[in-house]
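Report on the structure given below.
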Amino acid sequence: MTETESTTVVRGACPHDCPDTCALLTTVENGRAVKVQGNPDHPMTDGVLCTKVARYAERTYHPDRIQQPLKRVGPKGSGQFQPVSWDEALDDIAMRLTAIAQRDPEAILPYSYAGTMGQVQGEGMAARFFHKLGASLLDRTICASAGAEALTYTLGNKLGMKMEFFAESRLIVIWGSNSIGSNLHFWRLAQDAKRQGAKLVCIDPRRSETAEKCHEHLAIRPGTDAALALALMHELIVHNWLDLDYIERHTQGWDALRERALQWPPERAAQVCGIKVAQIQSLARDYGTTTPAAIRLNYGMQRVRGGGNAVRAIACLPALVGAWRHRGGGLLLSSSGHFPVQRAALQRPDLLGERRPRTLNMSTIGDDLLRPASTEFGPRIEALVVYNSNPVAVAPESGKVVQGFAREDLFTVVLEHFQTDTADHADYILPATTQLEHWDIHTSYGHTDVLLNQPAIPPVGQARTNTDIFRALAARMGFGEPCFADDDLTLCRTVMGDEALFARLQQQGFAALPVLDAPFAQGGFPTPSGKCEFFSPRLAAMGQDGLPDHVPNYEAPSEAFPLAMISPPARNFLNSSFVNVTSLRAIEVEPVLEIHADDAHQRGIQNGDVVKVFNARGEYHCKAEVSRRARPGVVHGLGIWWRKMGLNGTNVNQLTSQHLTDIGRAPVFYDCAVQVASLKGPHG
Ligand SMILES: Nc1nc2c(c(=O)[nH]1)N[C@H]1C(S)=C(S)[C@@H](COP(=O)(O)OP(=O)(O)OC[C@H]3O[C@@H](n4cnc5c(=O)[nH]c(N)nc54)[C@H](O)[C@@H]3O)O[C@H]1N2
Ligand SMILES: Nc1nc2c(c(=O)[nH]1)N[C@H]1C(S)=C(S)[C@@H](COP(=O)(O)OP(=O)(O)OC[C@H]3O[C@@H](n4cnc5c(=O)[nH]c(N)nc54)[C@H](O)[C@@H]3O)O[C@H]1N2
Ligand code: SF4
Ligand SMILES: [Mo]
């Protein structure tokens, strides 16, 4: 070791959109991050990271990392850029945004999601900037709003079981989640429970890595979860496997729900779901007679038209059997409602003053970019500022999204690590820091710990933090409020508004929130009635069904498009992130469509054939994998590849629609009918 050599270990948090929110330890040698590992002191992380984030250093120092501001030189979407200085880029962007804002600030739209889940590099300074500007507001629906709103109508907030207590459950129903791929640390707890004798049941159209390791797998048709839940209720009722005391004290709308459920004998649901009557009966018996019984619900099952109703139906189940009485019983969809985030102090909606800009739904960005000005819509979108998201790859109906982003009269700024499909369409690409290079505070939607992320290395190249970029733009646009001078540490302190907690975070890197072990053991649901609302007066007042029901998919299989396509994540990517990381792409190899042998045979498709997957919205080419993971009638287009890395320059979202869910205005990625043809075969 020379005198200048040094090794430090820096505590951080995984920034990704994943319920596990792991605590990281980054080893830094001579100013360079050499290793990213899980923090063994953090109970939920337990020293283990997923394959993706174990490669975070590879991603950070990737040769394709954008290291300086880039300005477009070719036509929109051609991906041709030249380097410019920060001053030149920021001056020009500030000037262009100011000119548009002088006509109408609502013609400017921020577009962001969960590239980082950090409170500070997420909507910290960005929200302040867009509020002050008076830009259109963005309805961030692309992932979870159907389930989150449905859960809130039913339980009162995004609350549920503590993840650690799944280890004590005797029955775990993993519902619409491939936990091994997307909730690894929960799976570890489920394994603990299994070793103690718990039964694991998976409900998923796909025989996922998780489904094949459970005791039972109910491979239902996509979008039929509410029918299954109602049939389970039917069985609980007719066999009297109910906790009538809990129902009496802590629920609202039981008589009406009972009547609804009695219309769903298992025979009816079995038809709808495409499974055996006995499978429903057996799950109902297990659920009605095992204590404690737990449901790990996840967002995979709410990406269909009836996603909100399905979450409501499932969220009623624990109250019916009194599962909430035990800390190892109940349900977990999201824990994010436990965190007392000081959103107003952080994001400063007061900077809007009297203005009430329109709200645009991120899930219909395709249509909205192509809409002319009108009285209902307001001004045409003239400028987009994209950060923490890759909409050209991840938003539905990408044919339209691409057409919108390709508008020559649209001014687009993209803050990014890499030249994604979206960045290809930018006027300016601004190099952003990664999690190893900035401060942040992380809450979680899986567990109930807060984490602090400390920067481990200086910014790579000329990268700047999202916050710093918005601060610099604010200064150039003359935003004089002192809040635009807040540094990132100040923003971190603002998030929880609790100095004692922050001191603990600085010491330890994480801190557990004081959360009840069994949050609804004594009822106390944070709904208006204080009960678990089987019947929701709020939904009824909006003209919706106040009771949960089965709402069929928009796209029933038809003669032209007879197959239901779902597009769940590929295990080694995170949405469209990591697709460009060579070692991870090497595991996924190429875009794949899983298809059942019968469906393949009917179409003359052999394993490994290049196939065309298509519907009225477009076509997508990929490799067919004739697979036991697929049930007949359902195909799986594993996501989410970068379009430019696909076989014909598209990805699976070329086929998905811009329809929205029943509750929560969310996209219906898994409600999508398609046809498949071999490109070698007669249809090619
Ligand atoms: N490795 C990896 N991890 C991830 C992600 C990733 O891309 N890769 N994405 C992250 C993000 S953004 C999120 S939101 C979470 C998502 O987390 P989850 O919602 O748990 O998503 P998945 O694990 O994909 O599980 C979805 C499962 O739902 C199944 N499914 C599809 N349609 C239906 C249906 O109609 N009913 C039922 N019962 N099941 C259905 C799919 O086949 C899939 O196996 O995961 C996060 N974690
Ligand atoms: N067909 C289909 N489509 C889907 C889904 C599906 O299951 N099927 N899943 C949907 C879901 S659940 C989600 S959540 C969305 C996800 O959609 P997005 O939130 O857009 O997620 P990513 O594709 O991971 O893109 C995030 C981008 O943010 C960038 N980024 C990360 N950190 C930072 C940072 O600190 N600063 C800046 N400036 N940039 C950063 C990354 O480089 C990456 O390109 O996709 C949705 N789309
Ligand atoms: S993506 Fe999830 S499992 Fe992987 S390190 Fe991040 S939080 Fe942990
Ligand atoms: Mo998501």
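Both counts, for ligands and for their atoms, begin at 1 and track the order of listing.
Taking any N or O of G300, backbone or side chain, at least one lies under 3.5 Å from an N or O belonging to ligand 1. Annotation: G223 places an N or O atom under 3.5 Å from an N or O atom of ligand 1; distance criterion only. Between T224 and ligand 1, no N or O atom pair is found at a separation short of 3.5 Å. Ligand 1 has no N or O atom lying under 3.5 Å from any N or O atom of R221, backbone or side chain. In terms of N/O distances under 3.5 Å, ligand 1 is approached by I203. Looking at R571 next to ligand 1, an N or O pair under 3.5 Å apart turns up. Considering backbone and side-chain atoms alike, S177 places an N or O below 3.5 Å from some N or O of ligand 1. Not one N or O of N572 is nearer than 3.5 Å to an N or O of ligand 1, by distance alone. No N or O atom of C143 sits closer than 3.5 Å to an N or O atom of ligand 1.
Using a 4.0 Å cutoff on heavy atoms, Y670 counts as a contact of ligand 2. Ligand 2 lies less than 4.0 angstrom from a heavy atom belonging to H417. The closest approach between any non-hydrogen atom of R303 and ligand 2 is below 4.0 Å. Look at I566 and you'll find every heavy atom at least 4.0 Å from all atoms of ligand 2. A heavy-atom separation below 4.0 Å is not found between G307 and ligand 1. Within the structure, the closest approach of P15 to ligand 2 does not fall below 4.0 Å when heavy atoms are considered. Heavy atoms of R464 stay at 4.0 angstrom or farther from ligand 2. For the pair F418 and ligand 2, no heavy-atom separation below 4.0 Å is found.
With a 4.0 Å heavy-atom cut-off, ligand 1 is reached by no atom of H16. Only the backbone of F573 comes within 4.0 Å of ligand 1, judged by heavy-atom distances. Residue contacts with ligand 3, taken as heavy atom pairs separated by less than 4.0 Å, involve T21 solely via the backbone atoms N, CA, C and O. Within the 4.0 Å heavy-atom criterion, neither part of H636 lies near ligand 1. Contacts between D225 and ligand 1 below 4.0 angstrom, taking non-hydrogen atoms only, involve the side chain exclusively. Here A211 has no heavy atoms under 4.0 Å from ligand 1, in either its backbone or its side chain. Counting heavy atoms under 4.0 Å from ligand 1, residue Y445 touches it through the side chain alone.
Shown in contact with H438 at under 4.0 Å from a heavy atom are these atoms of ligand 2, numbered in order with element: 35 (O). Taking every heavy atom of H185 and a limit of under 4.0 angstrom, the matching atoms of ligand 3 come to 3 (S), 8 (Fe). The contact set between ligand 2 and D17, taken as ligand atoms under 4.0 Å from a residue heavy atom, comprises 14 (S). For ligand 2, the atoms closer than 4.0 angstrom to any heavy atom of L574 are 24 (O). Close approach of ligand 2 to Y113 is summarised as follows: ligand atoms under 4.0 Å from at least one heavy atom of the residue are 14 (S), 19 (O). Atoms of ligand 2 lying under 4.0 Å from at least one heavy atom of A432, given by number and element, are 36 (N), 37 (C), 38 (N). For ligand 2, the atoms sitting less than 4.0 Å from at least one non-hydrogen atom of V652 are 1 (N), numbered in the order shown with element in parentheses.
Of all protein heavy atoms, the one closest to atom 39 (N) of ligand 1 is P205 CD, 3.2 Å. What sits closest to atom 4 (C) of ligand 1 on the protein, heavy atoms only, is S182 CB, 3.4 Å. Atom 44 (O) of ligand 1 has its closest protein heavy atom at D204 OD2, 2.5 Å. At the top of the distance list for atom 24 (O) of ligand 1, counting protein heavy atoms only, stands P569 CD, 2.7 Å.
Although no hydrogens or angles enter the test, the distance criterion places a donor-acceptor pair under 3.5 Å between the side chain of D662 and the main chain of G308.
The aromatic rings of F470 and F129 sit tilted relative to each other, their planes meeting at an angle between 30° and 60°.
At a cut-off of 2.8 Å, measuring from atom 4 (Fe) of ligand 3, the protein N, O or S atoms that fall short of it are C50 SG, waters left aside.
Salt bridge R305/E555: absent, no basic N to carboxylate O contact under 4.0 Å.
Annotation: H185 is not in aromatic contact with H42 [ring centroid separation under 6.0 Å not met].
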